[in-house]
There are 4 protein chains.
Amino acid sequence: MIQAAKRPPGRARSDASRTAILNSTLKLLESQSLQQISIEAIAREAGVGKGTIYRWWPSKAAVVIEAFLVNHISRVSATKGMGPREAVIHILRLLIKEYAGREGRIVAQIIAEGQSDPDVLREFRERFWYGRRAMALELVNEARRLGEFRDDIPADCQLDLLFSPIYFRLLSGQAPLDQEFADAHCNAVMHLMAPPVRQTPTTPKSR
Amino acid sequence: MIQAAKRPPGRARSDASRTAILNSTLKLLESQSLQQISIEAIAREAGVGKGTIYRWWPSKAAVVIEAFLVNHISRVSATKGMGPREAVIHILRLLIKEYAGREGRIVAQIIAEGQSDPDVLREFRERFWYGRRAMALELVNEARRLGEFRDDIPADCQLDLLFSPIYFRLLSGQAPLDQEFADAHCNAVMHLMAPPVRQTPTTPKSR
Amino acid sequence: MIQAAKRPPGRARSDASRTAILNSTLKLLESQSLQQISIEAIAREAGVGKGTIYRWWPSKAAVVIEAFLVNHISRVSATKGMGPREAVIHILRLLIKEYAGREGRIVAQIIAEGQSDPDVLREFRERFWYGRRAMALELVNEARRLGEFRDDIPADCQLDLLFSPIYFRLLSGQAPLDQEFADAHCNAVMHLMAPPVRQTPTTPKSR
Amino acid sequence: MIQAAKRPPGRARSDASRTAILNSTLKLLESQSLQQISIEAIAREAGVGKGTIYRWWPSKAAVVIEAFLVNHISRVSATKGMGPREAVIHILRLLIKEYAGREGRIVAQIIAEGQSDPDVLREFRERFWYGRRAMALELVNEARRLGEFRDDIPADCQLDLLFSPIYFRLLSGQAPLDQEFADAHCNAVMHLMAPPVRQTPTTPKSR
DNA sequence: AGTTAATCGAGACGGTACGTCTAGTCTTATT
DNA sequence: AATAAGACTAGACGTACCGTCTCGATTAACT
């Protein structure tokens with residue numbers, strides 16, 4: 001007979017506390033950077049003992065990652081019915097819009113925190129980027145199969161070129177992640193990703 | 001006779017202290033992140049009063065920026081004699097190599113710190129990025145004039161596509177800034193930036 | 001018919017737990033002060049839930065008092081066959097020897113704890129001192145009746161003088177409770193307690 | 001030439017803080033025990049950073065000792081003009097009265113704290129008891145020289161017998177340090193310390 | 001045999017204080 | 001004036017316990 005997972009002894013974890021901590025963290029992030037926030041402040045805001053935070057998360061960044069992911073579920077939304085080219089464009093535009101606001105600030109804070117704590121960066125990669133990247137990669141591969149994207153460069157590089165400029169804007173503060181940027185960037189990558197014109201057999205391509 | 005600018009009264013600024021502060025900062029950065037470093041630690045290491053640091057720099061990030069720039073002068077090196085296309089490749093490879101080491105860690109720390117202090121980001125842009133970007137932009141424009149780079153997308157976007165993936169690797173920890181990446185990235189952007197083959201009017205484009 | 005005390009329903013108190021708690025407490029007291037010991041540590045050491053301690057004792061000092069008394073029963077031993085004077089000496093020497101070791105440390109800890117918790121002091125008086133004092137008082141009174149002790153000062157004061165110096169050494173750390181002290185103290189009080197030399201009936205006692 | 005003690009560099013210690021800390025400590029001690037008081041509470045009450053307390057005192061007990069001693073100077077008062085016997089009585093009565101109030105509570109707290117921190121006890125002995133004991137010992141010796149106190153027992157023991165009962169009452173809570181006790185105790189020790197009547201039938205004792 | 005009720009272990013909970021560290025400011029004597 | 005030194009208030013760090021609570025599991029007596 002199949003043994004059901006037994007609950008460990010002792011009082012069960014309080015879901016109310018967990019939720020309060022995550023919510024308070026997001027609330028505090030609206031007005032300050034992750035670095036400025038203290039665990040004490042989170043505990044105070046959530047009406048929770050500090051120990052409860054330390055018991056379940058290794059760092060405040062881990063709390064933020066979880067808070068971010070919880071509020072992020074199923075935002076990626078549907079791209080069905082679109083061709084892969086359109087789907088990629090759709091995703092890029094969505095990401096730019098998303099990163100222009102609160103979510104972008106949070107992602108930036110997490111990456112920043114990750115520069116002095118490798119665990120943070122690793123966890124964020126595993127819990128956020130891996131899935132997204134895999135999904136995007138699939139679209140790119142599909143587009144290559146259909147001849148919508150050129151396939152004379154590795155798909156990996158294509159992915160980097162599609163998404164990196166968005167992260168650079170997010171983090172460098174060079175220029176805003178606005179509509180204008182979305183248009184320019186999408187237009188540019190669509191031109192670039194398009195397969196080069198088929199050469200007539202008579203004109204050999206130079207280089 | 002022309003009056004030389006009069007030195008203000010009082011003891012002059014100690015250059016020994018300034019140098020000691022900048023050097024100690026770089027030394028500390030070798031073993032810890034900018035966030036972990038405290039101004040007290042810098043003062044201690046430099047044998048300097050805390051007040052001396054606060055008097056001349058607004059934040060530890062500002063110290064790091066200055067320390068970084070001082071040790072960075074004229075590293076960019078020569079590209080003369082190269083065509084703009086080669087020059088761009090050269091610069092990309094150089095940057096990747098540079099960012100793979102200590103310099104990259106420092107740049108990453110500064111960007112991270114900038115996520116919670118806009119002044120830091122602004123100062124880094126103005127004192128580091130603007131000049132480099134202008135130089136790179138010139139090369140790109142030259143390449144476009146010579147037909148080595150396509151000109152159907154804005155030069156700005158081209159710049160972003162050339163450099164952003166490097167920064168993404170630097171900051172995301174997805175993958176290392178190694179030789180393999182340098183090859184792949186340079187190869188990819190060269191393919192992408194090359195002008196599309198001229199269509200002969202008689203051959204209609206497929207798809 | 002007389003109704004026997006009815007046991008209330010529900011699971012009976014675990015004597016194994018009670019014993020484990022008392023023993024663990026004594027064990028911990030061997031290496032640290034009562035103040036340093038935490039209830040958590042006692043529970044951990046005894047393999048017992050914290051609640052079980054709180055259910056049966058109001059404070060850790062109460063646990064210590066009980067642990068001390070349990071291990072103390074019938075140590076006072078026999079003085080039968082001795083005259084009251086010898087019995088008093090015997091008791092003093094015994095007490096000094098006892099307080100020189102583990103027992104002394106524990107008594108000192110309890111008194112110390114009692115300085116910030118009157119209940120502790122009260123309980124210790126009632127459960128430990130009252131009985132001992134009554135017994136000692138009886139001996140003193142017997143000694144007075146037999147003319148072995150002077151009776152020109154109250155018996156109470158005599159008791160204080162007999163025992164206080166021992167407690168002062170125990171608590172003040174001025175000097176150790178060693179054999180030398182035992183000899184000196186016993187000798188001194190025997191001299192002092194002895195009735196003053198009988199005056200010849202013709203000379204009326206002055207003062 | 002005699003070299004004056006050079007002040008070390010840096011900002012001088014703030015006497016205002018020192019005073020505030022000592023006063024706040026005494027104030028807090030009026031309503032709670034030393035054990036209940038936290039260093040945080042002292043700092044809060046004194047409007048002082050915690051570090052300032054830790055910088056100058058090793059423990060809260062050390063603060064209390066200093067606060068106690070500062071407020072204690074020259075309380076011992078004059079016994080000049082009295083014979084040693086009267087002086088001893090005077091001191092005993094004074095001590096009982098003193099220990100019946102706030103001072104007594106503080107001394108008790110310090111002794112209690114000392115049971116788990118030998119340094120505390122040692123410091124209290126050195127800074128408080130040694131001087132007092134030396135002074136009292138001198139009086140006793142003088143009394144012995146003058147024949148007011150018996151000299152058939154060691155002076156040390158006499159001292160113990162004079163003072164220990166006061167400390168026992170202070171710490172045991174057996175009975176209060178009231179006027180009645182003062183009378184009884186002083187009367188008793190005066191009887192006991194008086195030299196025993198000379199038993200040569202021919203020489204009547206002259207006081 | 002089933003019900004009821006108090007016990008037990010475990011351990012999570014909101015709090016408080018610990019002793020350390022740093023922030024950024026201020027004071028002091030020196031240069 | 002600027003400097004090195006270092007004290008100052010303020011407050012966060014991560015840990016340890018406090019005393020309370022909530023669990024599921026035992027353990028007796030009482031139906």
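Quick note: numbers below take in every heavy atom, side chains included, and nothing from hydrogens, waters or symmetry partners. Each chain gets a letter, A, B and so on, in the order its sequence line appears, and its residues count up from 1.
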Do the side chains of A:E126 and A:I65 get nearer than 4.5 Å, heavy atoms only?
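No. Closest side-chain heavy atoms not under 4.5 Å.
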Using the test side-chain contact (heavy atoms from CB on, under 4.5 Å), find all partners of [X] that sit at least two apart in sequence or belong to another chain.
X     : value
D:R11 : none
B:R55 : B:T52
D:N23 : D:T19
C:E66 : C:R18, C:L22, C:W57, C:V70, C:R127

Report, as a single string ordered 5' to 3', how protein heavy atoms within less than 4.0 Å touch nucleotides 25-31 of chain E: B base, S sugar-phosphate only, - not at all.
BBBBSSB
Could you tell me how far apart [X] ([atom1]) and [N] ([atom2]) are, to the nearest whole angstrom?
X     : N      : atom1 : atom2 : value
A:W57 : F:dG14 : CH2   : C1'   : 17 Å
B:I42 : E:dC21 : CD1   : C1'   : 15 Å
C:E45 : F:dA16 : CD    : C1'   : 17 Å
D:R13 : F:dA5  : CZ    : C1'   : 17 Å
C:I53 : F:dG19 : CD1   : C1'   : 12 Å
B:I21 : F:dA4  : CD1   : C1'   : 11 Å
D:K60 : E:dT16 : NZ    : P     : 16 Å
A:R18 : E:dC13 : CZ    : C1'   : 16 Å

With C:S17, which residues qualify under side-chain hydrogen bond (donor to acceptor under 3.5 Å, both in side chains), at least two apart?
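With neighbours one apart ignored, the set is C:S14.
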Only counting residues at least two apart or in another chain, list the ones meeting side-chain hydrogen bond (donor to acceptor under 3.5 Å, both in side chains) with D:Q115.
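C:R105.
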With a 3.5 Å cut-off and sequence neighbours excluded, list the donor-acceptor pairs that the side chains of residues 39-51 of chain B form with protein atoms.
| unit_1 | atom_1 | unit_2 | atom_2 | d |
| --- | --- | --- | --- | --- |
| B:E40 | OE2 | B:K50 | NZ | 2.7 |
| B:E45 | OE2 | B:K27 | NZ | 3.1 |

Below 4.0 Å: OP1/OP2 of [N] and any side-chain N or O of [X]:
X     : N      : answer
D:T52 : F:dT9  : yes
D:S17 : F:dT9  : yes
B:W56 : F:dA1  : no
C:R55 : F:dT20 : no

Mind checking the CD1-CD1 spacing from C:I110 to C:I106? Nearest 0.5 Å is all I need.
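It comes to 7.0 Å.
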Between CD of D:E113 and CG of D:D119, what distance do you get to the nearest 0.5 Å?
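D:E113 CD to D:D119 CG: 11.5 Å, rounded to 0.5 Å.
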Using C1' atoms of five pairs at each end, report the bend of the helix from E:dA1-F:dT31 to E:dT31-F:dA1 rounded to 10 degrees.
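Roughly 10° between the end axes, to the nearest 10°.
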For residues 28-41 of chain B, which residues have at least one heavy atom under 4.0 Å from DNA chain E?
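By residue number: B:S38, B:I39, B:E40.
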For DNA chain F, whose closest nucleotide is more 5', that of B:S14 or that of A:R44?
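Final value for this comparison: B:S14.
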Measure up the C:F124 and C:F68 rings against each other and bin them: parallel (under 30°), tilted (30 to 60°), perpendicular (over 60°).
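Rings of C:F124 and C:F68: tilted, as their planes differ by 30° to 60°.
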D:Y54: which residues meet the ring pair (Phe, Tyr, Trp, His ring centres under 6.0 Å) condition with it, sequence neighbours left out?
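For D:Y54, no residue satisfies ring pair (Phe, Tyr, Trp, His ring centres under 6.0 Å) once neighbours in sequence are set aside.
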More 5' along DNA chain E: C:V48 or A:A46, using each one's nearest nucleotide?
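Checking each residue's closest nucleotide, the 5'-ward one belongs to C:V48.
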